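Fair warning: this is a prediction, and the values are worked out from it, not measured in the lab.
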2 protein chains.
Amino acid sequence: MERKTGNECTADQQLPALGIDPYLELMDKTAAQDADRKSIRMGLVMLWLSDNILDVMDVDLAPFGITESKLDMLLLLMLHEGRELITPSGIADRLGIRRASVTALLDWLEKRGWVSREQSAKDRRMIHVSITPEGRALVNQVLPTFWSTCASLLGDLDAEERSVFEKILGKLHRSIETKIGVGR
Amino acid sequence: MERKTGNECTADQQLPALGIDPYLELMDKTAAQDADRKSIRMGLVMLWLSDNILDVMDVDLAPFGITESKLDMLLLLMLHEGRELITPSGIADRLGIRRASVTALLDWLEKRGWVSREQSAKDRRMIHVSITPEGRALVNQVLPTFWSTCASLLGDLDAEERSVFEKILGKLHRSIETKIGVGR
DNA sequence: CAAAATAGTTAGACTATCTAACTATGACTA
DNA sequence: TAGTCATAGTTAGATAGTCTAACTATTTTG
(Lines give C-alpha, C1' and ligand atoms only; values in the text may rest on other atoms or scores of the structure.)
Protein backbone atom coordinates (compact mmCIF):
# COMPACT_ATOMS: atom_id res chain seq x y z
CA MET A 1 0.00 0.00 0.00
CA GLU A 2 1.68 3.17 -1.20
CA ARG A 3 1.76 6.22 1.03
CA LYS A 4 4.00 8.59 -0.83
CA THR A 5 2.63 11.82 0.56
CA GLY A 6 3.84 12.63 4.05
CA ASN A 7 0.99 14.02 6.07
CA GLU A 8 3.28 16.72 7.41
CA CYS A 9 2.76 20.14 5.99
CA THR A 10 5.65 20.54 3.61
CA ALA A 11 4.43 23.78 2.11
CA ASP A 12 4.81 26.20 5.00
CA GLN A 13 8.12 25.16 6.47
CA GLN A 14 8.34 27.92 9.06
CA LEU A 15 6.03 27.34 11.95
CA PRO A 16 5.41 30.41 14.04
CA ALA A 17 6.71 30.34 17.58
CA LEU A 18 4.51 30.59 20.63
CA GLY A 19 3.64 34.16 21.51
CA ILE A 20 4.48 35.63 24.86
CA ASP A 21 0.96 36.28 26.02
CA PRO A 22 0.59 32.91 27.75
CA TYR A 23 3.78 33.58 29.67
CA LEU A 24 2.57 37.00 30.70
CA GLU A 25 -0.58 35.40 31.97
CA LEU A 26 1.36 32.84 33.96
CA MET A 27 3.54 35.57 35.30
CA ASP A 28 0.53 37.41 36.58
CA LYS A 29 -0.55 34.27 38.38
CA THR A 30 2.74 33.27 39.96
CA ALA A 31 5.18 36.14 40.24
CA ALA A 32 5.54 37.43 43.75
CA GLN A 33 6.15 41.12 44.16
CA ASP A 34 4.12 43.55 42.16
CA ALA A 35 7.07 45.89 42.10
CA ASP A 36 8.95 43.54 39.76
CA ARG A 37 6.18 42.62 37.42
CA LYS A 38 7.04 45.23 34.89
CA SER A 39 10.66 44.12 34.84
CA ILE A 40 9.67 40.52 34.48
CA ARG A 41 7.29 41.36 31.71
CA MET A 42 10.03 43.18 29.84
CA GLY A 43 12.47 40.35 30.50
CA LEU A 44 10.00 37.91 29.01
CA VAL A 45 9.71 40.03 25.91
CA MET A 46 13.49 40.17 25.68
CA LEU A 47 13.67 36.41 25.95
CA TRP A 48 11.06 36.01 23.25
CA LEU A 49 12.82 38.52 21.06
CA SER A 50 16.15 36.76 21.53
CA ASP A 51 14.78 33.48 20.33
CA ASN A 52 13.16 35.05 17.34
CA ILE A 53 16.00 37.33 16.35
CA LEU A 54 18.28 34.30 16.08
CA ASP A 55 15.59 32.53 14.10
CA VAL A 56 15.26 35.40 11.67
CA MET A 57 19.00 35.39 11.04
CA ASP A 58 19.00 31.62 10.57
CA VAL A 59 16.21 31.85 8.05
CA ASP A 60 17.88 34.65 6.12
CA LEU A 61 21.21 32.81 5.95
CA ALA A 62 19.71 29.45 5.05
CA PRO A 63 19.56 30.13 1.28
CA PHE A 64 23.35 30.43 1.29
CA GLY A 65 23.73 26.99 2.81
CA ILE A 66 25.44 28.35 5.88
CA THR A 67 24.55 28.88 9.52
CA GLU A 68 25.47 31.69 11.84
CA SER A 69 28.08 29.64 13.72
CA LYS A 70 29.84 28.79 10.51
CA LEU A 71 29.62 32.30 9.16
CA ASP A 72 31.07 33.53 12.45
CA MET A 73 34.03 31.28 11.92
CA LEU A 74 34.58 32.51 8.37
CA LEU A 75 34.25 36.15 9.44
CA LEU A 76 36.80 35.58 12.15
CA LEU A 77 39.23 34.07 9.66
CA MET A 78 38.63 36.92 7.27
CA LEU A 79 39.42 39.42 9.99
CA HIS A 80 42.71 37.64 10.56
CA GLU A 81 43.87 37.71 7.00
CA GLY A 82 47.16 39.53 6.75
CA ARG A 83 47.53 39.73 10.53
CA GLU A 84 48.72 37.10 12.93
CA LEU A 85 48.24 33.50 11.97
CA ILE A 86 45.35 31.84 13.72
CA THR A 87 45.15 28.32 15.12
CA PRO A 88 42.19 26.16 16.15
CA SER A 89 42.95 26.90 19.78
CA GLY A 90 42.90 30.59 19.05
CA ILE A 91 39.60 30.23 17.25
CA ALA A 92 38.16 28.28 20.18
CA ASP A 93 39.13 31.08 22.55
CA ARG A 94 37.74 33.81 20.31
CA LEU A 95 34.46 32.03 19.64
CA GLY A 96 34.06 30.79 23.19
CA ILE A 97 33.74 27.14 22.23
CA ARG A 98 35.89 24.06 22.85
CA ARG A 99 38.69 22.99 20.61
CA ALA A 100 36.79 19.83 19.76
CA SER A 101 33.90 21.92 18.47
CA VAL A 102 36.29 23.93 16.34
CA THR A 103 37.62 20.73 14.83
CA ALA A 104 34.11 19.75 13.83
CA LEU A 105 33.32 23.14 12.29
CA LEU A 106 36.63 23.24 10.44
CA ASP A 107 36.09 19.74 9.07
CA TRP A 108 32.77 20.86 7.66
CA LEU A 109 34.12 24.08 6.18
CA GLU A 110 37.23 22.40 4.83
CA LYS A 111 35.19 19.70 3.12
CA ARG A 112 33.51 22.48 1.15
CA GLY A 113 36.82 24.12 0.35
CA TRP A 114 36.09 27.30 2.31
CA VAL A 115 38.97 27.03 4.76
CA SER A 116 42.34 25.31 4.70
CA ARG A 117 44.61 23.90 7.38
CA GLU A 118 48.39 24.05 7.21
CA GLN A 119 50.79 22.63 9.75
CA SER A 120 53.06 25.18 11.38
CA ALA A 121 56.74 24.77 10.65
CA LYS A 122 57.88 26.26 13.93
CA ASP A 123 55.70 24.27 16.29
CA ARG A 124 54.54 21.11 14.65
CA ARG A 125 51.69 20.74 17.12
CA MET A 126 50.03 23.80 15.70
CA ILE A 127 47.90 24.31 12.66
CA HIS A 128 47.38 27.53 10.80
CA VAL A 129 43.86 27.98 9.58
CA SER A 130 42.94 30.29 6.75
CA ILE A 131 39.98 31.15 4.61
CA THR A 132 40.28 30.19 0.94
CA PRO A 133 39.39 32.37 -2.04
CA GLU A 134 36.18 30.36 -2.38
CA GLY A 135 35.42 30.97 1.27
CA ARG A 136 36.03 34.66 0.79
CA ALA A 137 33.75 34.67 -2.23
CA LEU A 138 31.01 33.03 -0.21
CA VAL A 139 31.37 35.52 2.61
CA ASN A 140 31.22 38.42 0.17
CA GLN A 141 28.09 36.96 -1.29
CA VAL A 142 26.48 36.52 2.13
CA LEU A 143 27.50 39.76 3.79
CA PRO A 144 24.98 42.09 2.15
CA THR A 145 22.17 39.89 3.43
CA PHE A 146 23.82 39.59 6.79
CA TRP A 147 24.13 43.33 7.20
CA SER A 148 20.68 44.05 5.95
CA THR A 149 19.18 41.48 8.28
CA CYS A 150 21.07 43.09 11.14
CA ALA A 151 19.72 46.48 10.19
CA SER A 152 16.22 45.12 9.78
CA LEU A 153 16.18 43.95 13.39
CA LEU A 154 15.52 47.54 14.42
CA GLY A 155 12.17 47.45 12.72
CA ASP A 156 10.54 50.81 12.31
CA LEU A 157 11.94 52.70 15.26
CA ASP A 158 11.99 56.42 14.56
CA ALA A 159 15.11 58.54 14.82
CA GLU A 160 14.58 59.51 18.42
CA GLU A 161 13.80 56.00 19.55
CA ARG A 162 16.89 54.77 17.78
CA SER A 163 19.14 57.16 19.56
CA VAL A 164 17.73 56.24 22.97
CA PHE A 165 17.81 52.58 22.09
CA GLU A 166 21.45 52.86 21.14
CA LYS A 167 22.31 54.00 24.62
CA ILE A 168 20.17 51.30 26.16
CA LEU A 169 21.78 48.62 24.02
CA GLY A 170 25.16 49.77 25.23
CA LYS A 171 24.06 49.41 28.82
CA LEU A 172 22.50 46.00 28.28
CA HIS A 173 25.59 44.87 26.45
CA ARG A 174 27.87 45.88 29.29
CA SER A 175 25.54 44.43 31.88
CA ILE A 176 25.43 41.03 30.26
CA GLU A 177 29.13 41.11 29.50
CA THR A 178 29.69 41.51 33.21
CA LYS A 179 27.23 38.77 34.04
CA ILE A 180 28.90 36.21 31.80
CA GLY A 181 32.36 37.25 32.90
CA VAL A 182 33.29 39.58 30.06
CA GLY A 183 34.58 37.96 26.87
CA ARG A 184 38.23 38.55 26.30
CA MET B 1 50.64 4.72 31.03
CA GLU B 2 47.89 6.42 32.99
CA ARG B 3 46.44 9.69 31.79
CA LYS B 4 43.60 10.27 34.16
CA THR B 5 43.53 14.03 33.99
CA GLY B 6 41.85 15.40 30.92
CA ASN B 7 43.84 18.34 29.61
CA GLU B 8 40.62 20.27 29.18
CA CYS B 9 40.01 22.99 31.70
CA THR B 10 37.35 21.54 33.95
CA ALA B 11 37.44 24.32 36.50
CA ASP B 12 35.98 27.23 34.53
CA GLN B 13 33.14 25.56 32.68
CA GLN B 14 31.68 28.71 31.14
CA LEU B 15 33.79 30.03 28.34
CA PRO B 16 33.06 33.62 27.46
CA ALA B 17 31.62 34.27 24.04
CA LEU B 18 33.34 36.32 21.40
CA GLY B 19 32.79 40.01 21.83
CA ILE B 20 31.18 42.08 19.15
CA ASP B 21 34.14 44.34 18.49
CA PRO B 22 35.58 42.13 15.75
CA TYR B 23 32.25 42.19 13.98
CA LEU B 24 32.00 45.94 14.23
CA GLU B 25 35.45 46.15 12.69
CA LEU B 26 34.45 43.88 9.86
CA MET B 27 31.31 45.87 9.35
CA ASP B 28 33.33 49.03 8.99
CA LYS B 29 35.37 47.30 6.32
CA THR B 30 32.62 45.74 4.29
CA ALA B 31 29.26 47.39 4.85
CA ALA B 32 28.20 49.53 1.97
CA GLN B 33 26.20 52.64 2.75
CA ASP B 34 27.33 54.83 5.59
CA ALA B 35 23.71 55.72 6.25
CA ASP B 36 23.04 52.20 7.49
CA ARG B 37 26.11 51.67 9.57
CA LYS B 38 24.53 52.74 12.78
CA SER B 39 21.58 50.41 12.22
CA ILE B 40 23.88 47.55 11.40
CA ARG B 41 25.95 48.22 14.46
CA MET B 42 22.86 48.16 16.62
CA GLY B 43 21.62 45.03 14.91
CA LEU B 44 24.91 43.34 15.64
CA VAL B 45 24.61 44.22 19.28
CA MET B 46 21.07 42.86 19.28
CA LEU B 47 22.31 39.64 17.75
CA TRP B 48 25.06 39.36 20.31
CA LEU B 49 22.63 40.12 23.11
CA SER B 50 20.18 37.51 21.86
CA ASP B 51 22.78 34.79 21.98
CA ASN B 52 23.88 35.74 25.42
CA ILE B 53 20.46 36.31 26.92
CA LEU B 54 19.51 32.75 26.00
CA ASP B 55 22.80 31.56 27.45
CA VAL B 56 22.17 33.34 30.72
CA MET B 57 18.77 31.72 31.06
CA ASP B 58 20.21 28.31 30.22
CA VAL B 59 22.88 28.69 32.86
CA ASP B 60 20.42 29.83 35.50
CA LEU B 61 18.03 26.96 34.79
CA ALA B 62 20.75 24.32 34.59
CA PRO B 63 20.89 23.68 38.37
CA PHE B 64 17.28 22.52 38.21
CA GLY B 65 18.11 19.94 35.58
CA ILE B 66 15.80 21.51 33.05
CA THR B 67 16.18 23.54 29.89
CA GLU B 68 14.10 26.38 28.59
CA SER B 69 12.34 24.27 25.96
CA LYS B 70 11.27 21.78 28.55
CA LEU B 71 10.24 24.43 31.02
CA ASP B 72 8.22 26.05 28.25
CA MET B 73 6.36 22.82 27.77
CA LEU B 74 5.64 22.46 31.49
CA LEU B 75 4.50 26.07 31.73
CA LEU B 76 2.18 25.54 28.82
CA LEU B 77 0.68 22.48 30.49
CA MET B 78 0.32 24.36 33.75
CA LEU B 79 -1.55 27.13 31.96
CA HIS B 80 -3.95 24.56 30.59
CA GLU B 81 -4.80 22.98 33.89
CA GLY B 82 -8.51 23.18 34.52
CA ARG B 83 -9.17 24.51 31.01
CA GLU B 84 -9.45 22.61 27.78
CA LEU B 85 -7.58 19.35 27.49
CA ILE B 86 -4.40 19.60 25.49
CA THR B 87 -2.98 17.12 22.99
CA PRO B 88 0.51 16.72 21.51
CA SER B 89 -0.75 18.30 18.30
CA GLY B 90 -2.03 21.27 20.22
CA ILE B 91 1.28 21.60 22.02
CA ALA B 92 3.14 21.46 18.72
CA ASP B 93 1.03 24.31 17.39
CA ARG B 94 1.44 26.41 20.49
CA LEU B 95 5.18 25.91 20.76
CA GLY B 96 5.79 26.18 17.03
CA ILE B 97 7.51 22.84 16.74
CA ARG B 98 6.66 19.58 14.94
CA ARG B 99 4.61 16.83 16.45
CA ALA B 100 7.64 14.56 16.33
CA SER B 101 9.59 17.01 18.46
CA VAL B 102 6.76 17.12 20.97
CA THR B 103 6.86 13.34 21.21
CA ALA B 104 10.55 13.51 22.06
CA LEU B 105 10.10 16.19 24.70
CA LEU B 106 7.13 14.41 26.26
CA ASP B 107 9.07 11.14 26.39
CA TRP B 108 11.81 12.89 28.32
CA LEU B 109 9.43 14.63 30.71
CA GLU B 110 7.28 11.55 31.20
CA LYS B 111 10.31 9.42 32.04
CA ARG B 112 10.94 11.79 34.95
CA GLY B 113 7.32 11.68 36.02
CA TRP B 114 6.64 15.35 35.31
CA VAL B 115 3.92 14.85 32.72
CA SER B 116 1.48 12.09 31.96
CA ARG B 117 -0.27 10.90 28.82
CA GLU B 118 -3.78 9.55 28.75
CA GLN B 119 -5.64 8.26 25.74
CA SER B 120 -8.78 10.15 24.92
CA ALA B 121 -11.97 8.16 25.26
CA LYS B 122 -13.82 10.15 22.60
CA ASP B 123 -11.26 10.05 19.84
CA ARG B 124 -8.88 7.20 20.35
CA ARG B 125 -6.27 8.78 18.11
CA MET B 126 -5.79 11.57 20.60
CA ILE B 127 -3.81 11.77 23.78
CA HIS B 128 -4.42 14.16 26.63
CA VAL B 129 -1.26 15.45 28.18
CA SER B 130 -1.12 16.83 31.68
CA ILE B 131 1.45 17.96 34.18
CA THR B 132 1.78 15.78 37.28
CA PRO B 133 1.97 16.99 40.88
CA GLU B 134 5.72 16.36 40.73
CA GLY B 135 5.94 18.43 37.57
CA ARG B 136 4.01 21.22 39.22
CA ALA B 137 6.31 21.05 42.22
CA LEU B 138 9.32 21.36 39.95
CA VAL B 139 7.86 24.33 38.14
CA ASN B 140 7.06 26.06 41.42
CA GLN B 141 10.60 25.47 42.50
CA VAL B 142 12.03 26.86 39.27
CA LEU B 143 9.75 29.84 38.75
CA PRO B 144 11.32 32.24 41.25
CA THR B 145 14.65 31.84 39.49
CA PHE B 146 13.02 32.10 36.10
CA TRP B 147 11.30 35.35 36.98
CA SER B 148 14.31 36.83 38.65
CA THR B 149 16.50 35.97 35.68
CA CYS B 150 13.95 37.62 33.41
CA ALA B 151 13.99 40.73 35.56
CA SER B 152 17.78 40.72 35.69
CA LEU B 153 18.00 40.95 31.93
CA LEU B 154 17.20 44.64 32.21
CA GLY B 155 20.46 45.24 34.01
CA ASP B 156 20.74 48.62 35.64
CA LEU B 157 18.54 50.72 33.42
CA ASP B 158 17.14 53.66 35.32
CA ALA B 159 13.45 54.44 35.58
CA GLU B 160 13.33 56.69 32.55
CA GLU B 161 15.29 54.31 30.36
CA ARG B 162 13.00 51.51 31.42
CA SER B 163 9.92 53.34 30.40
CA VAL B 164 11.32 54.21 26.98
CA PHE B 165 12.68 50.73 26.56
CA GLU B 166 9.29 49.30 27.33
CA LYS B 167 7.81 51.13 24.37
CA ILE B 168 10.69 50.12 22.14
CA LEU B 169 10.36 46.47 23.15
CA GLY B 170 6.73 46.60 22.16
CA LYS B 171 7.63 47.93 18.74
CA LEU B 172 10.39 45.38 18.23
CA HIS B 173 8.08 42.64 19.34
CA ARG B 174 5.39 43.61 16.85
CA SER B 175 7.92 44.10 14.09
CA ILE B 176 9.42 40.65 14.49
CA GLU B 177 6.02 39.11 14.98
CA THR B 178 5.11 40.48 11.59
CA LYS B 179 8.34 39.30 10.05
CA ILE B 180 7.93 35.72 11.18
CA GLY B 181 4.26 35.68 10.26
CA VAL B 182 2.75 36.24 13.69
CA GLY B 183 2.20 33.10 15.74
CA ARG B 184 -1.27 31.71 15.94
C1' DC C 1 -17.86 1.36 2.28
C1' DA C 2 -13.58 3.28 0.33
C1' DA C 3 -10.72 7.10 0.26
C1' DA C 4 -8.94 10.91 2.63
C1' DA C 5 -7.68 13.24 6.72
C1' DT C 6 -5.84 13.36 11.37
C1' DA C 7 -3.13 11.97 15.70
C1' DG C 8 0.74 10.18 17.48
C1' DT C 9 4.93 7.64 16.90
C1' DT C 10 9.18 5.95 14.89
C1' DA C 11 13.38 6.10 12.24
C1' DG C 12 16.92 8.58 10.68
C1' DA C 13 19.14 12.88 9.90
C1' DC C 14 21.48 17.26 11.16
C1' DT C 15 23.65 21.27 13.89
C1' DA C 16 26.01 22.62 17.60
C1' DT C 17 27.66 21.78 21.44
C1' DC C 18 30.07 19.16 25.39
C1' DT C 19 33.64 15.95 28.12
C1' DA C 20 37.19 12.62 28.30
C1' DA C 21 40.80 10.62 26.52
C1' DC C 22 44.31 10.04 23.01
C1' DT C 23 48.65 11.35 20.00
C1' DA C 24 52.27 14.21 18.90
C1' DT C 25 55.13 17.57 20.06
C1' DG C 26 57.51 20.99 22.76
C1' DA C 27 59.31 22.99 27.18
C1' DC C 28 61.14 22.73 31.70
C1' DT C 29 63.69 20.80 35.37
C1' DA C 30 66.48 18.10 38.37
C1' DT D 1 69.80 14.77 29.00
C1' DA D 2 65.92 12.03 30.60
C1' DG D 3 61.74 12.39 32.64
C1' DT D 4 57.80 14.95 33.54
C1' DC D 5 54.55 18.25 32.47
C1' DA D 6 52.04 21.17 29.30
C1' DT D 7 50.00 22.26 24.94
C1' DA D 8 47.73 21.50 20.24
C1' DG D 9 44.75 19.07 17.71
C1' DT D 10 41.88 15.10 17.09
C1' DT D 11 38.76 11.36 18.10
C1' DA D 12 34.95 9.02 20.31
C1' DG D 13 30.83 9.26 22.29
C1' DA D 14 27.16 11.93 24.43
C1' DT D 15 23.31 15.35 24.64
C1' DA D 16 19.68 18.79 23.21
C1' DG D 17 16.63 20.20 20.07
C1' DT D 18 15.17 20.30 16.06
C1' DC D 19 13.68 18.46 11.28
C1' DT D 20 11.40 15.27 7.36
C1' DA D 21 9.40 11.11 5.84
C1' DA D 22 6.93 7.40 6.60
C1' DC D 23 4.20 4.34 9.44
C1' DT D 24 -0.13 2.80 12.40
C1' DA D 25 -4.44 3.52 14.23
C1' DT D 26 -8.42 5.80 14.00
C1' DT D 27 -12.02 8.92 12.41
C1' DT D 28 -14.42 11.53 8.92
C1' DT D 29 -16.39 12.16 4.52
C1' DG D 30 -18.11 11.63 -0.09
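- Not counting sequence neighbours, S175(B) has no partner by the side chain to side chain donor-acceptor pair (under 3.5 Å) test.
- Between the CZ atom of R98(A) and the P atom of dT15(D) there is a distance of 18 Å, rounded to whole Å.
- Contact annotation: S101(A) does not reach the phosphate of dT17(C) (side-chain N/O to OP1 or OP2, under 4.0 Å).
- Checked against salt bridge (Lys or Arg N to Asp or Glu O under 4.0 Å), R136(B) has the following partners two or more places apart in sequence or in another chain: E81(B).
- When rounded to the nearest whole Å, the span between CG of L71(B) and C1' of dG17(D) equals 15 Å.
- Ranking dT10(C), dT9(C), dA12(D) by closeness to the A100(B) side chain, first place goes to dT10(C).
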Give me the distances for all protein-to-nucleotides 14-16 of chain C N/O pairs that come in under 3.5 Å?
from: dA16(C); atom 1: OP1; to: T67(A); atom 2: OG1; distance (Å): 2.3
from: dA16(C); atom 1: OP2; to: T67(A); atom 2: OG1; distance (Å): 3.3
from: dA16(C); atom 1: OP2; to: K70(A); atom 2: NZ; distance (Å): 2.9

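- With rounding to whole Å, D58(A) atom CG is found 13 Å from dG17(D) atom C1'.
- Not a single side chain to side chain donor-acceptor pair (under 3.5 Å) links S50(A) to another residue, sequence neighbours left out.
- With rounding to whole Å, R99(A) atom CZ is found 14 Å from dA6(D) atom P.
- In this structure, E118(A) has no side chain to side chain contact (heavy atoms under 4.5 Å, CB included) partners at least two apart in sequence or on a different chain.
- Scored by the side chain to side chain donor-acceptor pair (under 3.5 Å) test, S152(B) finds K179(A) as partners (sequence neighbours excluded).
- Partners of L138(A) by side chain to side chain contact (heavy atoms under 4.5 Å, CB included), not counting sequence neighbours, listed by chain and number: I66(A), L74(A), W114(A), Q141(A), V142(A).
- Whole-Å rounding puts the M73(B) CE to dA16(D) C1' distance at 13 Å.
- The side chain to side chain donor-acceptor pair (under 3.5 Å) test applied to K171(B) returns E161(A), not counting sequence neighbours.
- Atom-to-atom, CD1 of I86(B) to P of dG8(C) comes out at 10 Å; the value is rounded to the nearest Å.
- One interatomic measurement links the two molecules: CG of L106(B) to C1' of dT10(C), which rounds to 15 Å at whole-angstrom precision.
- Rounded to a whole Å, the CG atom of D93(A) is 12 Å from the C1' atom of dA8(D).
- Ring planes of H173(A) and W48(B): perpendicular class, angle over 60° (limits at 30 and 60°).
- In this model, the phosphate group of dT6(C) is not approached by any side-chain N or O of S89(B) to a distance below 4.0 Å at OP1 or OP2.
- Taking every heavy atom of residues 114-126 of chain A and every atom of DNA chain D, pairs under 4.0 Å involve R117(A), R125(A), M126(A), by number.
- Between L77(A) and S130(A), the shortest heavy-atom distance links the atoms CD1-C, 4.3 Å.
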